[in-house]
Amino acid sequence: FQRWLYRGGVPRVEGTWQWDASAKHLVVELSQTQISDVFQLPVEIGISVAGKTRVERADLGTRSARFAFTADQEPESVQLDPNVRLLMDGRLTRKK
């Protein structure tokens with residue numbers, strides 16, 4: 001709490017997602033791109049498959065990290081912080 005209260009700026013998180021069909025999992029790569037020190041972030045990721053959305057948690061406490069989540073089929077969409085719980089500037093795009 002002290003880190004968030006007494007330091008300036010907000011986290012900037014940029015990421016990509018890609019579905020690995022052979023392994024049947026979703027790969028999400030996240031990076032903190034702000035100039036200041038790294039924040040400890042419990043980031044939620046919304047994964048929509050077959051009209052249903054589930055929320056997974058990814059603990060991002062480093063400059064960049066890679067996360068894998070199981071998915072029986074390709075997600076229709078993947079959202080960063082779908083419930084808007086974090087004060088951050090974030091963007092998640094599909095990796096081509």
Under the salt bridge (Lys or Arg N to Asp or Glu O under 4.0 Å) test, residues paired with Arg54 that sit two or more places apart:
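Arg54 satisfies salt bridge (Lys or Arg N to Asp or Glu O under 4.0 Å) with Glu56 only.
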Identify, with sequence neighbours excluded, every residue that meets side-chain hydrogen bond (donor to acceptor under 3.5 Å, both in side chains) alongside Glu76.
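For Glu76, no residue satisfies side-chain hydrogen bond (donor to acceptor under 3.5 Å, both in side chains) once neighbours in sequence are set aside.
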For Ser64, side-chain hydrogen bond (donor to acceptor under 3.5 Å, both in side chains) partners two or more places apart:
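Counting only residues at least two positions away or on another chain, Ser64 forms no side-chain hydrogen bond (donor to acceptor under 3.5 Å, both in side chains).
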The single option from Asp81, Val43, Leu30 passing side-chain contact (heavy atoms from CB on, under 4.5 Å) against Leu92
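So the option named by the test is Leu30.
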Over all heavy atoms of both residues, which pair between [X] and [Y] is shortest? Give the atoms and the distance, please.
X: Trp19; Y: Pro75; result: CD1-CD, 3.5 Å
X: Leu26; Y: Trp17; result: CD1-CE3, 3.3 Å
X: Val13; Y: Gln32; result: CG2-CG, 4.4 Å
X: Thr53; Y: Ser48; result: OG1-OG, 2.7 Å
X: Ser36; Y: Arg63; result: O-NH2, 3.1 Å
X: Val38; Y: Gly61; result: CG1-O, 3.4 Å

Crowding at CG, Asp72 (>12 non-hydrogen neighbours, <6.0 Å)
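Result for CG/Asp72: open.
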Salt bridge (charged side-chain N to carboxylate O under 4.0 Å, His left out): which pairs involve residues 12-32, sequence neighbours left out?
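Residue pairs passing salt bridge (charged side-chain N to carboxylate O under 4.0 Å, His left out), neighbours aside: Arg12-Asp89, Glu14-Arg91, Glu29-Arg66, Glu29-Lys95.
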Quick test of your reading: applying salt bridge (charged side-chain N to carboxylate O under 4.0 Å, His left out), list the pairs with at least one residue in residues 43-52, sequence neighbours left out, ordered by first then second residue.
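Output for this query lists Glu44-Arg85.
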Would you check if there is a donor-acceptor pair between the side chains of Thr16 and Thr93 at a distance under 3.5 Å?
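Looking only at side-chain atoms, Thr16 and Thr93 do not form any donor-acceptor pair under 3.5 Å.
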Test of understanding: with side chain to side chain contact (heavy atoms under 4.5 Å, CB included), list the residues that count as partners of Thr62, not counting sequence neighbours.
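Thr62 satisfies side chain to side chain contact (heavy atoms under 4.5 Å, CB included) with Leu60, Ala65 once adjacent residues are dropped.
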Residues two or more places apart in sequence or in another chain: which of them pass side chain to side chain contact (heavy atoms under 4.5 Å, CB included) with Ala58?
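Expected list: Ile45, Phe67, Phe69.
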